[in-house]
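Notes for the one structure printed next.
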Amino acid sequence: MSSERKIICKFDHVTKKFPGVTALDRVSFEIAIGEVHAIVGENGAGKSTLMNVLSGVYPPTEGDVYFQDQKVSFQSPHMAQKMGIAMIHQELSLAPHMTVAENVFINRMPKKTSSLIDKGKMAEQCKKYLNDLGVYHIEPNTIVKNLSTSEQQLVEIAKAMSLNAKLVIMDEPTSSLTPTEVEFLIHIIEKLRSQEVAILYISHKLEEVLRISDYITVMRDGRHIKTALKEELDEHKMISLMVGRNFEKAVEREFKSYNKSEFPILSVRHIYDYTGKVKDVSFDLYKGEILGLTGLVGAGRTELLQCIFGANKMKSGEIYIEGKRVQIKECQDAIANGIALIPEGRKTQGLFLKMTVEENMLMVYQQQQTGSLGMLKKKALRGAAGGQRERLAIKTPSLEQKIINLSGGNQQKVILARWLLNKPKILFMDEPTNGIDVGAKKEIYKIIIELAASGVSVIMVSSEMTEVLSLSDRIMVMHDGMIRGKISHKEATQEKIMEFTLDKLEK
Amino acid sequence: GSGVASSSDQGSKETAKTSKSGELTPGAELVPPAGKELRRLPIDEASDKGIKIAALMVQNNPFGKAVLNGQEYAKEVLADRNVKVDTISVDSFDAQSWTSTLENCIASQYDAICFYGVSEALTDVVNKAVDQKILMYAFNTEPGLDSKRQAWFGLDDEAAGIEAGKQIVELIDGKGDVGIITGSFSVIGHELRRNGAKSVLEKESGINIVSEVENNDKSEEAYNATTNMITANPDLKAIYVTAGGPSGAAKAIEDAGKTGEIKLICHDVLEETAPYLESKTISVCIDQDPFNQGYEPVIAAFNTLMGEPAPEDINYYDAIVATPDNVKELFPELF
Amino acid sequence: MKEETTENGTQKGEGTLKKFFSRQENVVAIVLVLLCIMMSIVRTETFLTTANVFNVLRQSSLYIILAMGMALIIITGGIDLSIGSIIAVSACLGAYLAQRINNVPVIIVLCVVLLTGCLCGLINGGLVALAGIPPFIVTLGMLSVGKGVALLVSNGAPIRYEKTWLSVFGGNYIGPVPISVLVMAVISVIMIVFANCTITGRNIYAIGNSERAAKLSGIAVERTVILVYVLMGLLASICGILLMGQMNSADPTFGSGYEMDTIAAAVIGGVSMSGGEGRLSGTIVGALLMSLLRNMFVLLAISGYWQTIILGCVIVLSVAIDCIGKKRKSR
Amino acid sequence: MKEETTENGTQKGEGTLKKFFSRQENVVAIVLVLLCIMMSIVRTETFLTTANVFNVLRQSSLYIILAMGMALIIITGGIDLSIGSIIAVSACLGAYLAQRINNVPVIIVLCVVLLTGCLCGLINGGLVALAGIPPFIVTLGMLSVGKGVALLVSNGAPIRYEKTWLSVFGGNYIGPVPISVLVMAVISVIMIVFANCTITGRNIYAIGNSERAAKLSGIAVERTVILVYVLMGLLASICGILLMGQMNSADPTFGSGYEMDTIAAAVIGGVSMSGGEGRLSGTIVGALLMSLLRNMFVLLAISGYWQTIILGCVIVLSVAIDCIGKKRKSR
Ligand SMILES: Nc1ncnc2c1ncn2[C@@H]1O[C@H](COP(=O)(O)OP(=O)(O)OP(=O)(O)O)[C@@H](O)[C@H]1O
Ligand SMILES: Nc1ncnc2c1ncn2[C@@H]1O[C@H](COP(=O)(O)OP(=O)(O)OP(=O)(O)O)[C@@H](O)[C@H]1O
Ligand SMILES: [Mg+2]
Ligand SMILES: [Mg+2]
């Protein structure tokens, strides 16, 4: 990197106010070509808002944005795109009923001379961009809704790449990628850097940030705190800057090991599901255990949990709870047996977006807490909700707030509270820390550990290796719908897990 | 229907003399719209205290418009007699809409309400109005057999249907396929006509009713139904349209080049049907004098309110049978 | 310091006002009140009479009853086009029974009508929830089939029946209050309590927000959806009874075209067509607005052609105020 | 080993078949074909004649034209209840002009009709896209206002006008082919190409999938939505011309009730009411099914009451087959 930074983009006292919230407060800093510039900060620090201002989603309330030495005020994302700014949005912005190729080339599909769309060429170019990302298994003509979340994320990345932009904004691109895919993305970023493309990179995964970025900007409460060379910062310093105080070390817990003689709380034997995503899965879960479940994209972890929970139909297999055979046909059966599920995809499977925090929190609990004629005991319920809000330190102006106005971490805590109210014996968590900041993450880890200590058994699906390693008593790796291996905490290392995770060339 | 009620004619002349002259146009001097005859004349006296009469109709169809013309004419005539006639629109021929509108009129304290009797379902609301001393004059259809409405004006639908049936038999010499396009299976007036015609047609062994479909009073649907009938029955001899939209059937017959081959029988000589009568596509059109259905009840109500003897309980209109040969004579205003 | 307090004070005041205006139903309610005030000035002698007020209420009572059921269906993300046919078929069956069989106890007629409504709702709900057929298609089919059955039963003509205590529901009054208004009031209270204060009511909203999330929260989605359609059928058949009573006969045209008016009432009252939000109180306001407009037209003797034009404009305008405000804020 | 290959083979064959049956439109097409075969057997002399085939096509041509526009609107997540009124108001204005002003060039009448349609669409689209009012309310208002204006213009009665070359569009034939069928065919081709092979067409789908995502992808959402409504207005006014030509007059009742039939055609053909998916070819199949049923009723001389019952059942059944299959799979 040359010592002379060639500035491509500059924020000059950018302020953005939403009704009641000042999301950005006089933010100023610069980005140069050929650099990977990371932005870190807690949930709600204003990272996405800043990027949305740059990419033309919102106009700034005050202040200016300069791009290539020109003062710009984009009226729409389209204008920003034309100037050479591409953005991978934090919330996926794909059209689920359309094909992969159409999504990649939306609004700028290659045309034939007749000005009609050239579908062949489009598929071909799409394939090329996907291959560049190291993705060979996604066909351009697949309908996007049939892809898993991580595959959709890859399509989103391909879409941004195909714009051949001068500045690429990546807002949490790796939130649902597996380690292998992250490697490929990093590879791409390196390549872009060498092509003198500027990259704005937002992530809550600080190791990743330290690994790939040149400059790091820290934001807090809508303000710019510091921009520094990567070398000047380490994880600890970053966190202190982000939260504005010193931060204690990450979680610690005492791991347990189990021997065969112990009686499992949940036993699963030879489960197959109807769609064929889960094949012959058997495992045991013990009281107070945290069982990490990891694997590659599409390994079937989500399907396994949802199948046991009764949300997907089981084809064959047996489930025992505390030694008793149980039939789980509907989610209600699972809940009655003391199982809880925090699903992946907060917005799609977890939240009731048009409802309040309180209603979201009480959704499961209130099903049992009714008086005569199915009337809700509103006072008692409100008390319970208030209790959870305190226990989990959920930041919300009131319980009547619409859930959609909360930050991701707090939304996740609300879903956690929903199930804790029900006092489950077994807790399934599918990517519980997806897209939430270090602070919130830590709080959630703490809650998980407390739960395990109080005797709740937890299965945690996660693609984040560090998370799995630092929390799980045992780790189970899935591959292609089957359990590839079970490792106790003592034996577990990153390499060992990777070995189970990856496709082996020779069988 | 050329006989204007002569007795009231005389009476009104007398009263005209007694009233202050120059302020109102005497009934005898009224100039009816071209081609119309007034079946009843207003008495020539202005009301002292002011009279409010509501004239109700579904205005958004050709027949309704013809009735409205009569109602508007009555409004004009009575304007200088200190009478306020409100022509009120009902949004459909649905009994419930009529009940609501009638209720609203009762609330508005009209002295008389002239209304289309849509269906028996109006019985209760009509009785309620009568109990509140409101004159309830129905036209066209009876609002229930045991309703207390004081008078009714119009052409008996069943008789009209029977007349249509007879005309069909005559036109096709009592043999051949006949199709019926009816407005709606659930409108009583349409059903009375359909069944009236069928009662005649079914007696003829040579006549075969091949199809009965609804067209919801719409000309486009009549067009499609006619085309379908012609296709399905190459020997079709006649089509009977019981209610709205006969122009669609006529146009379809013309487009199929079957003018004259297929006889079309329908109701109401209006702007819509007149050209097809002229072009002989419509063989017979039975008119029920909608102008007077709008006009007469209002005038009758006024006269009664002014202390004249009440009109007859039932005031039958004769079916006016219009054919291509006589239509220009009977309805000069349409040509 | 002092200045800040005032500012805060104003902000707070503004906040409450803003919050009030941010609900579409409140804006529509204000439109309703303004229209009433206007009418009381223009038609002093007729508009604000007890008779006319109860008249408007009576006319709106069917719409209110139906619109509340419709609102719940729309909140689950569905739609019901068949309500008119359900009214017709249940009323016709009841009247047929009352007319044909001598001395059939009225209570049995009542049960037949209500059960017919529930059965139609059950078929609708079953096909929607269990077979997964789009509600639009299911209820469009039911609209057609129901009308056909009503025509078959009634043979196309209104069925008159002996006056029994059934007719009390429709036309009679307790003092100046029409019984149908009382029925409407009772049902409104029950429905509002049901929607807001019972677990099933809240589950309906949850399903409309996200069916998947509701399922994963242990809500019996299918059963609840079926229940909502059955409830709609029940409400429709209650309206069938009210109409039967009012008319002292059952007519196969009963209720035709009601679906659009009730959906409009719900949407005007703030129910979102995409489901998950909206309140029954708003729906009541929406239904009242529609009835008030119709009453106004008659009291003001507005010509038929202008009625439809004014109706269209008022509907759009009453919703527009709120929408434009929201749209501007969102940018 | 050998067994496995066979199994794979069968699976592949099954796969293609399954894929074929997994599209609702294909299932509906099969229902359509089966009905045709049945009719050819039962009514050999009349059903499969050139005259009758073109007859069915002619009757369906309006529905097909309108349903394609409606499909696009539903795909954006909207709805248009006002098409009937747009047909009526544009036709009435055109006929009024042709009748009132002597020697007005026909081309001007044509332009007035088409522009009226576009203007109505523009108002709809503008209120939906720019003011953010729910499409249901906007077009319900337009339905009412348009009908009122059509009544005002026509004074409630059909307006006849001098026969000009405008009438050619409606009633005339080229050989055995009705001109309206030709118009329909041309418009179908244009619309299918537009929806599938142009960027704007694909953007319409993208908007229906997620308006926000479409906006973030740089699509001019508002402009595209307005365009879709204008297109619907244009198609409605083309239907106005066809009807005017066919009847040689314009009637304010033109097109009333079309909205339900066209929405039904689109949904039967696989368009999802929640937007984002569905194909115009399916819509055509849906519209054909509706017209074929009506034709069948006449050819088979089915009694009126049973017509509505059968219509309802066929609509539900033709969609059910596909839905039940999908529902079973999803669990
Ligand atoms: N459209 C909006 N309307 C109102 N407030 C908003 C809007 N978008 C963002 N905010 C608020 O602005 C603040 C900054 O949000 P932003 O999404 O930029 O945070 P972030 O740093 O990206 O957080 P995360 O890490 O969770 O993605 C938050 O308080 C948020 O609630
Ligand atoms: N709705 C769907 N329809 C068809 N296929 C799907 C659907 N959802 C997921 N898949 C496929 O199922 C497979 C398993 O996906 P799934 O999301 O269960 O994996 P996972 O192990 O949970 O991975 P992740 O890390 O993304 O959560 C993938 O190959 C995916 O393409
Ligand atoms: Mg963000
Ligand atoms: Mg998963």
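Values below: every heavy atom of this structure, side chains too, minus hydrogens, waters and symmetry copies. To find a chain, count down the sequence lines: A is the first, B the second, and so on, and within it residues start at 1.
A search for side chain to side chain contact (heavy atoms under 4.5 Å, CB included) contacts involving D/S85 returns D/L143, D/K147, not counting sequence neighbours. Partners of D/E211 under the salt bridge (Lys or Arg N to Asp or Glu O under 4.0 Å) rule, at least two apart in sequence or in another chain, do not exist in this structure.
The closest donor-acceptor contact from the side chain of D/Y229 to the backbone of D/I123 lies at 3.5 Å or more, if one exists at all. Remark: side-chain polar atoms of D/Q307 are paired, donor with acceptor, to backbone N or O of D/I302 under 3.5 angstrom. The main-chain N or O of C/R279 is found under 3.5 Å from a side-chain atom of C/T283 such that the two form a donor-acceptor pair. One N or O on the side chain of D/T76 and one on the backbone of D/I73 form a donor-acceptor pair closer than 3.5 Å. A donor-acceptor pair under 3.5 Å links the side-chain atoms of C/Y205 to the main chain of C/G278, judged by distance alone.
With a threshold of 4.5 angstrom between heavy atoms, D/L81 approaches chain C through side-chain atoms but not through N, CA, C or O. When heavy atoms are compared at a cutoff of 4.5 Å, D/V138 approaches chain C solely by way of its backbone atoms N, CA, C and O. Looking at C/L140, only its side chain comes within 4.5 Å of chain D, counting heavy atoms on both sides.
A heavy-atom distance below 4.5 Å is found between the side chains of C/M260 and D/M260.
Residues of residues 126-137 of chain C that come closer than 4.5 Å to chain D, counting heavy atoms only, are C/L127, C/A129, C/L130, C/A131, C/G132, C/I133, C/P134, C/F136, C/I137, ordered by residue number.
The choice from C/V145, C/I79, C/I315 that makes the most heavy-atom pairs within less than 4.5 Å of chain D is C/V145. Among D/P252, D/A264, D/S274, the residue making the largest number of heavy-atom pairs under 4.5 Å with chain C is D/A264. Note: D/G148 leads D/G148, D/A150, D/G77 in heavy-atom pairs under 4.5 Å with chain C. Most heavy-atom pairs under 4.5 Å with chain C, from the set D/I263, D/L311, D/I268: that is D/I263.
For residues 255-269 of chain D, the pairs satisfying salt bridge (Lys or Arg N to Asp or Glu O under 4.0 Å) are D/D261-D/R294, with sequence neighbours left out.
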